Amino acid sequence: MQSRVAIEKQFRLIRTALFVAWAILSAIIVAWSVRSSTERAYSDVMQKAGETLAVQTEILSGVLDKYRLLPPLLSRQSSIRTLFVRDAAGNAQTIDARGTAEAIAGMSAARDVAFFFPDGALLANARGSSAKSAVAPPELIEVARQGRLGRAALSYGGDDRTYAFSFGVRRDGKFVGVVVVYVDFYRVEAAWALSARRIFVTDKSGTVFLANDPAWRLKPLSDFRQAGEPARYLIGDGFEQRLDLTQRLPLLEWDLHVLADPAPVATARLSAASIATLACLLAGLIALLALRRNEMAILRARTDRATALRLERVVRDRTRALSVINRSLSHEVEVRRTAEERLRKTQDELVQTAKLAALGQMSAALSHEYNQPLAAIRSYADNALRFIDRGATSEVSANLSRINGLVERMAELSRTLLSFSRKPGATIEPVPLGTIVDEALLLARPRARAAGIANIHVGQQVSGLYVQGGRIRLGQVIVNLVNNAIDALAGIPNARVEIDARREGDLIIVTVADNGPGISPEELPKVFDPFFTTKGIGEGIGIGLSIVDNIVRDFGGTIVASNRPEGGACFTVSLRAASAPGDAPDNIEETAGIGLGV
Ligand code: ADP
């Protein structure tokens with residue numbers, strides 16, 4: 001991947017190259033646009049001035065042509081010719097001639113019309129002999145004498161100028177006089193005055209003869225012009241550049257000038273230069289921005305790629321580390337599995353050992369339980385035999401009934417063991433606690449009475465409560481707890497057993513308490529263990545509470561043993577509360593097993 005510095009350097013080079021190209025291109029564009037708009041503006045100015053020039057040339061030529069033809073025409077008129085004939089007295093026909101001149105001047109709008117004799121003497125003129133035009137310049141007479149059209153530009157000082165055309169009058173081939181028509185330029189100049197451009201006429205000597213600026217008239221053009229390209233002319237108070245468009249009037253050897261203001265050309269040049277420069281600058285700026293953007297995009301892409309690569313590396317490293325960890329974890333799992341396996345084996349061995357120990361314990365207990373009555377039965381039987389030999393039947397009978405009692409006790413023990421091993425009923429349903437306690441007490445009371453305990457108290461609340469359980473099994477629980485209490489109360493004065501129950505939320509708490517010696521703290525955790533007993537041989541084998549605990553668990557409840565503060569043990573059974581069923585059928589789930597306290 002290209003480094004950031006290399007990319008920046010590359011773009012710096014591109015920028016420099018682009019700048020050079022831009023500068024050259026901009027110079028060309030600016031020059032080209034300046035040139036083309038200058039040309040356009042120039043030709044525009046020239047075209048407009050040219051139009052003015054053409055029009056004014058036409059007007060001036062029209063005016064001059066009109067008056068140019070007048071003297072030859074008049075000289076051919078016989079009425080004109082006769083004017084130059086003197087009467088008999090040798091007097092000229094001044095009055096007639098004057099009238100004719102006035103009429104012609106009036107009709108043609110000429111400045112003056114005059115008739116001269118060949119010697120230059122005035123016959124008559126339209127404006128009167130005092131007029132400046134009453135004197136004909138000799139060259140006009142001379143050219144007329146030669147039979148050609150005489151022409152002359154005349155100035156009388158000040159602003160007074162005229163142009164005169166002359167033609168000779170011949171009578172019978174004899175040169176008798178001259179007709180001179182004077183042209184007035186007042187109207188032409190008045191028309192020029194309307195134009196914003198300077199319009200003027202110069203004669204062949206370079207003198208301004210006609211001009212729309214009165215100050216210029218009859219003065220040499222050089223007074224108003226400074227040489228230059230374009231030349232500068234006096235406009236107002238100062239000299240300004242003007243383009244001079246000239247049209248020659250060949251007849252008069254005059255030049256008609258129209259001065260055009262070149263300012264629009266300069267303005268067009270300036271605006272073209274500014275617009276082209278601005279456009280180039282803008283284009284350059286856009287190109288620069290685009291390039292910068294491109295550079296940024298490439299740099300960003302590079303950074304992104306670098307980040308992605310870095311990330312990829314990190315991920316690869318992590319993955320590697322994770323697979324190492326994974327491997328070590330697998331190893332650990334394997335070690336743990338082996339350890340667990342070993343533990344399970346050890347546990348199994350322990351359970352096996354415990355089972356064997358329990359079996360041994362149970363065997364010892366059972367062998368004591370059975371050996372003792374068996375030994376008694378043997379001695380009672382031996383005695384009975386001896387009593388038979390002696391014929392003492394009453395003793396034989398007493399011994400046999402003792403043997404019977406001992407066999408009955410062994411059978412009871414056997415039934416207890418059977419109930420321990422039998423699979424309990426599985427049905428769990430709402431059962432009436434009060435009824436079950438009553439039934440259990442029916443079985444327990446004879447034993448209580450035998451032990452001298454008359455006081456078994458049942459709380460009032462017990463009768464109304466229903467719990468989730470099995471009727472026979474719950475009875476077994478109560479009988480076992482009461483029997484244990486009875487056992488514990490042996491020899492205790494004012495012995496008392498209390499059975500009570502209360503509702504706590506969704507639970508029914510049943511307590512069986514006594515005012516016996518209670519359970520020592522070190523024995524408390526063990527009382528529910530199978531075959532734990534503190535009773536002497538033949539009095540208990542330690543499976544009652546274990547059975548009770550199993551039954552209560554089956555019901556989804558718990559049982560806790562504790563000592564009451566005032567003395568005595570208390571067994572607290574928590575069972576799930578049930579609502580009284582409307583037609584609860586009596587559930588006979590088991591046919592035997594109740595009342596088997598040991
Ligand atoms: P067993 O009655 O055959 O000994 P149990 O499992 O019923 O077996 O009881 C285990 C032991 O719990 C008894 O040996 C006794 O030490 C103790 N125990 C049970 N109930 C009471 C009680 N109400 N008061 C004092 N100790 C009790």
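All values below were derived from every heavy atom in this structure, side-chain atoms included, with hydrogens, water molecules and symmetry-related copies excluded. One-based numbering, in listed order, for ligands and for the atoms of each. What you are looking at is a predicted structure, and each value in this text was computed from that prediction instead of being measured.
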Quiz item: Does the side chain of Asn399 pick up a donor-acceptor pair with the side chain of Arg402 at under 3.5 Å?
Solution: yes

Quiz prompt | Any side-chain donor near an acceptor of the partner, Thr338 and Glu341, under 3.5 Å | solution = no

Which option, Ser520, Ala561, Pro517, Ala488, owns the non-hydrogen atom nearest atom 22 (C) of ligand 1?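 Result: the heavy atom closest to atom 22 (C) of ligand 1 is in Ala488.
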
Within a 6.0 Å radius of atom OH on Tyr42, are there more than 12 heavy atoms belonging to other residues, nucleotides or ligands?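 Counting other residues, nucleotides and ligands, OH of Tyr42 stays at 12 neighbours or fewer.
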
_Is Gly516 close enough to touch ligand 1? Criterion: a residue heavy atom under 4.0 Å from a ligand atom._
no

Of all the heavy atoms in Phe571, does at least one lie under 4.0 Å from an atom in ligand 1?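 Yes, Phe571 has heavy atoms under 4.0 Å from ligand 1.
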
I want to know if ligand 1 touches [X] in the polar sense, i.e. an N/O pair below 3.5 angstrom.
X      : result
Thr534 : yes
Asn484 : yes
Ser546 : no

Which atoms from ligand 1 have a heavy atom of [X] less than 4.0 Å away?
X      : result
Ala485 : 23 (N)
Gly518 : 25 (C)
Val527 : 12 (O)

What is the distance from atom CD of Glu522 to atom CD1 of Ile519, rounded to the nearest 0.5 Å?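 Output value for this atom pair is 11.5 Å.
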
In this structure, OG of Ser546 is separated from CD1 of Ile551 (nearest 0.5 Å) by 10.0 Å

Those residues at least two apart in sequence (or on a different chain) that pass side-chain hydrogen bond (donor to acceptor under 3.5 Å, both in side chains) with Arg390 are none

Relative to ligand 1, is Asn483 under 4.0 angstrom through side chain, backbone, both or neither, heavy atoms considered?
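Neither part.
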
Dump the intermediate steps for salt bridge (Lys or Arg N to Asp or Glu O under 4.0 Å) on Arg502 and Glu504, then the final yes or no.
CA-CA 7 Å; Arg502 64 182 189 275; Glu504 279 185 11; 2.8 Å; yes

